[in-house]
Amino acid sequence: MIRTVEPDPHVSAPVLAAYSYCEAVTGQQARNFAYGIRLLPTPKRRALSAVYAFARRVDDIGDGALSPDVKVARLEDTRALITRVREGDVDEDETDPVAVALAHAGEQFPIPLGGLDELIDGVLMDVRGEVYETWDDLKVYCRCVAGAIGRVSLGVFGTEPGARGVERASEYADTLGLALQLTNILRDVREDALGGRTYLPADDLAKFGCSAGFGQPVPPPDSDFAGLIHFEVRRARTLFAEGYRLLPMLDRRSGACVAAMAGIYRRLLDRIEREPEAVLRGRVSLPGREKAYVAVRGLSGLDARHVSRRTVSRPVRRRS
């Protein structure tokens, strides 16, 4: 469970209460995310909890049982909240703790609030029942619901002065978000199918004989389901390798946070690769002790140092 917000003479009681609510939401609803942000210093931890609580609200609207029209209206209400935060129009004595916490976080850190608008755009794609024909199509969705959150989080983390290649930090944060989201998609293949959603690109499904979908706890007849999963795992690993270039650009504790969250998802990817059909039987997860190990490894800086050495020995190539 994430730590309770501690008293701070520089933060008012209503704002502390708002942060406490957001940290409780994070600890209860996002165990993997919480393992990472608990490594941060208090101000950054609070700010990211506010971001997560807002994102959770948006996701819950999209995943709920409301009619599409009502979902669209409620999502636009959340977009109006972003506008109010941007314009400094949220009072700390308001009754919505997410609004109060997000507004305070936005005052303390250069959070690119447009990323939260992108999140809403991505969830609207879910509400409309978008189908993704190609990986390029799916990347648009992933950038909205995950890459954008990576860029928002970078506003809280900041970058180290003089860090090599720092002009590409936002790009790497976005790419790491894509890697996390693709891992989520693989983990939730069965759950999404039962909810009437298919995220994997239609051309990939066709290539591996999986166009019939995943409505059963076994692969589609005559399909190469393992081949499909291994193909997508390789794609996710490539994204992780690129996104990890962000780590040496962050301070120690921010880097530990990112390394912990990404490390948990990379280990999920390992499990999915070893036993592809497991994702058709239920949600693949890691035991708490393994998550704790990943968090300690992140705090040690091992991943950041490894990436830093690799980057020095192999210069970054700019995309044409």
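Just so it is clear, the model here is predicted, and its values are computed rather than measured. What's counted below: heavy atoms across the whole structure, side chains too, no hydrogens, waters or symmetry copies.
- Proximity of R57 to T78: side-chain heavy atoms (C-beta onward) are separated by under 4.5 Å at one or more points.
- A cation-pi geometry, defined here as NZ or CZ lying under 6.0 Å from the six-membered ring centre and within 45° of its normal, holds between K207 and F231.
- Remark: T159 OG1 to E167 CD distance equals 10.5 Å, nearest 0.5 Å.
- Criterion: ILVMFWY side-chain heavy atoms under 4.5 Å apart, direct or through other members. Under it, L75 and M125 are part of a common hydrophobic cluster.
- Looking at F214 and R190, their side chains never come closer than 4.5 Å, going by heavy atoms from C-beta outward.
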Report the C-alpha distance between S12 and E92 in whole Å, list the side-chain angles of each, state the deciding distance to 0.1 Å, and finish with yes or no for side chain to side chain donor-acceptor pair (under 3.5 Å). CA-CA 8 Å; S12 70; E92 64 178 37; 3.2 Å; yes
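- Under the 4.0 Å criterion applied to side-chain N and carboxylate O atoms, R151 and E118 are assigned as salt-bridge partners.
- By the rule that hydrophobic residues join a cluster once side-chain heavy atoms approach within less than 4.5 Å of another member, Y141 and L205 end up as members of one cluster.
- The shortest distance between side-chain heavy atoms of R237 and L269 falls below 4.5 Å.
- Salt bridge status for D60 with R74: absent, with no side-chain N to carboxylate O gap under 4.0 Å.
- You'll find the side chain of L154 stays beyond 4.5 Å of the side chain of M249, heavy atoms only.
- Contact of the V11 side chain with the R46 side chain is registered, since non-hydrogen atoms from C-beta on lie closer than 4.5 Å.
- Taking CG of D91 as the start and CZ of R84 as the end, the distance is 7.5 Å to the nearest 0.5 Å.
- D126 and Y199 share a side-chain donor-acceptor pair at under 3.5 Å.
- Salt bridge present: R45 and E23 bring a charged side-chain N and a carboxylate O closer than 4.0 Å.
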Can I get a per-line list of side-chain donor-acceptor pairs under 3.5 Å for residues 219-226, giving both atom names and the distance, sequence neighbours left out?
| unit_1 | atom_1 | unit_2 | atom_2 | d |
| --- | --- | --- | --- | --- |
| S223 | OG | P220 | O | 2.7 |
| D224 | OD1 | G227 | N | 2.9 |

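- Within the 4.5 Å cutoff, the side chain of K44 has heavy atoms near those of the P41 side chain.
- Annotation: side chain of V279 is not in contact with side chain of L186 (no heavy-atom distance under 4.5 Å).
- Distance CD/E242 to CG/L178: 11.0 Å, rounded to 0.5 Å.
- Linking ILVMFWY side-chain heavy atoms closer than 4.5 Å, directly or via other members, places F157 and V166 in two distinct hydrophobic clusters.
- Y244 carries R266 over the face of its six-membered ring, with the cationic atom under 6.0 Å from the centre and within 45° of the normal.
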